[in-house]
Structure formats: C-alpha cells, structure tokens
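Step one of this worksheet: look at the structure below.
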Amino acid sequence: VEYWGARSDDLAPLDQLSTQYRRFYLLRRSLVTLDEFGGAISRLNALRSWSHRIEQQESDEQRRIWNEAIQFFGAMKQRFATIRNDIGGHYREQAANYAVESISQGTTGIFDIVVDGDGADTKLHFATELVARLLVKDMPEDGEASDEKLQAYVAVIFKAVTDGWTHVIRAVHVVAAAYLAPPFIK
C-alpha cells in the first residue's frame, strides 16, 4: 500500500499538503515495512532448521531467490535505514539541523492555521521542502543539483525500493513453497 501510494499520481484526498509530501511520507513508510521484512528474512535465515530446509530444497531457483533476498537486504539495510531516518522514520536532531541550515536566507515557506470553534487545523506546507532537502543530502555532488539530477536521484531510490519489494514477494513465495505447502502435498 505504501509503495503504490508513493508511486501514484492522483490521490487527491491524501494530497492536502502536496503530492510530493504524500510521496515522501509513503516512501518513508514503505522503507519501514521493507526493513521489517528484511529483518524477518534475516532472522529466519539465521535459524539452523530453516537454513537446512533451504539447502535441501530441490529447486535451484528457490535457493537462488532466497539467497538473493538475503544478499540484497544485507547490502541495502544501512542505505534504507539512513533514508528512512533522514526523512522522518526516526527524525534525528542532526537531520533537522541539516535541513534548517541548508535553507537559503531568501527561502519562503507557508503554513496555514485554520481556527474552527475550539480547535485548529495546522498545515505545514514548508515540510515538503525540508523532507526533500534531507532525501537528497547524500546525493553525489557533481556540480549544481538541477531538477533533472534531483529527479534522477529520487528515481534511483524508488528503484531500490522497487527491487526490495520484488525480493520480499519472491522470498515469501519461497517460504510458502518450502514450509507452508509441503504438509498439504502428498
């Protein structure tokens, strides 16, 4: 849900601040879920009984799929955690300082406060700018960050998330084939 919500172009009810804010928010949530799946796959792989089951699996393809998922999440764990933490998963003071300090003096932002009876609704439209700055803070520096370069960098992040979901889905299929299905197959 998070992944498709982050990739969709038109979700008007969720875009009250902006489409970009919704995409960043759902990307962050998707990274949290991917991290949970990656951790579960890693913990399952650490079980001797599971490792033996995978080694004994008749299907070379299922062993390959499982091992690729283990390698992928091992390689991407820190990258996903850094992005997630930078854009609000566990928003650190260091990230907040970076976002605020990277704003130029002439930058303007908007926030709305709508008072209604005893309550109020606040919309922090400038939050998208802060999140965007954090998302691209680790972008390789090769000159000025043009819109095209920023879009390409964000596309690389979305590709990594897409690859992560592909590994999760395929690994879950391996679990189903290696563990859940055998008692029902005679």
Side-chain angles (χ1 to χ4, degrees), residues 1-92 95 128 131-132 134-140 150-186:
V1 170
E2 298 109 348
Y3 173 78
W4 288 113
R7 299 296 302 226
S8 296
D9 289 328
D10 185 22
L11 291 175
L14 299 178
D15 291 340
Q16 290 185 13
L17 286 179
S18 72
T19 300
Q20 201 63 27
Y21 182 83
R22 183 237 322 146
R23 285 185 173 145
F24 288 151
Y25 175 82
L26 291 172
L27 173 63
R28 177 176 56 92
R29 300 308 312 154
S30 189
L31 287 166
V32 170
T33 304
L34 271 177
D35 184 53
E36 291 168 353
F37 269 109
I41 290 168
S42 178
R43 285 188 299 282
L44 185 57
N45 195 60
L47 295 174
R48 176 177 237 118
S49 60
W50 177 256
S51 295
H52 181 72
R53 186 181 297 258
I54 288 295
E55 290 168 6
Q56 301 303 313
Q57 194 65 17
E58 290 180 20
S59 170
D60 290 338
E61 182 180 3
Q62 287 184 0
R63 279 194 305 278
R64 181 185 56 75
I65 288 169
W66 183 259
N67 290 329
E68 286 175 358
I70 293 299
Q71 290 172 354
F72 176 84
F73 284 105
M76 296 301 290
K77 182 172 182 51
Q78 187 56 49
R79 176 83 171 119
F80 285 164
T82 298
I83 295 169
R84 186 193 72 224
N85 290 345
D86 283 348
I87 63 173
H90 299 284
Y91 200 68
R92 296 185 236 149
T128 303
V131 170
L134 290 168
L135 187 63
V136 299
K137 80 175 183 53
D138 295 321
M139 188 172 99
L150 292 172
Q151 288 176 6
Y153 183 70
V154 171
V156 168
I157 293 170
F158 269 105
K159 168 121 177 42
V161 171
T162 300
D163 291 347
W165 282 114
T166 299
H167 284 291
V168 164
I169 291 166
R170 295 180 76 185
V172 168
H173 290 170
V174 170
V175 170
Y179 185 75
L180 298 176
F184 299 100
I185 300 172
K186 302 281 183 203

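Formation of a donor-acceptor pair under 3.5 Å by the Arg53 side chain with backbone atoms of Ala178 is found in this model.
Residue pairs satisfying the side chain to side chain donor-acceptor pair (under 3.5 Å) criterion with at least one member in residues 34-46, sequence neighbours excluded, are listed as follows: Asp35-Lys77, Asp35-Arg84, Asn45-Trp66.
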I would like to know whether Gln71 and His167 meet side-chain contact (heavy atoms from CB on, under 4.5 Å); could you show each step before the answer?
CA-CA 10 Å; Gln71 290 172 354; His167 284 291; over 6 Å; no
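Note that OG1 of Thr166 is 11.0 Å distant from CD of Glu68, once rounded to the nearest 0.5 Å. To the nearest 0.5 Å, the span separating CG on Leu44 from CZ on Phe37 amounts to 12.5 Å. Arg63 contributes atom CZ, which lies 9.5 Å from atom CD of Glu58 (distance to the nearest 0.5 angstrom). For the atom pair CZ (Phe73) and CZ (Phe80), the distance works out to 6.5 Å, reported to the nearest 0.5 Å. Rounded to the nearest 0.5 Å, atoms CD1 (Ile65) and CD1 (Ile54) are 10.0 Å apart. Atom NE2 in His173 sits 11.5 Å away from atom CG in Leu180 (nearest 0.5 Å).
Counting all heavy atoms, side chain and backbone alike, Ala69 lies closest to Ala171 at CB-CB, 4.1 Å. Across Val161 and Ser30, no two heavy atoms sit closer than the pair CG1-OG, 3.7 Å.
Proximity of Arg29 to Thr33: side-chain heavy atoms (C-beta onward) are nowhere separated by under 4.5 Å.
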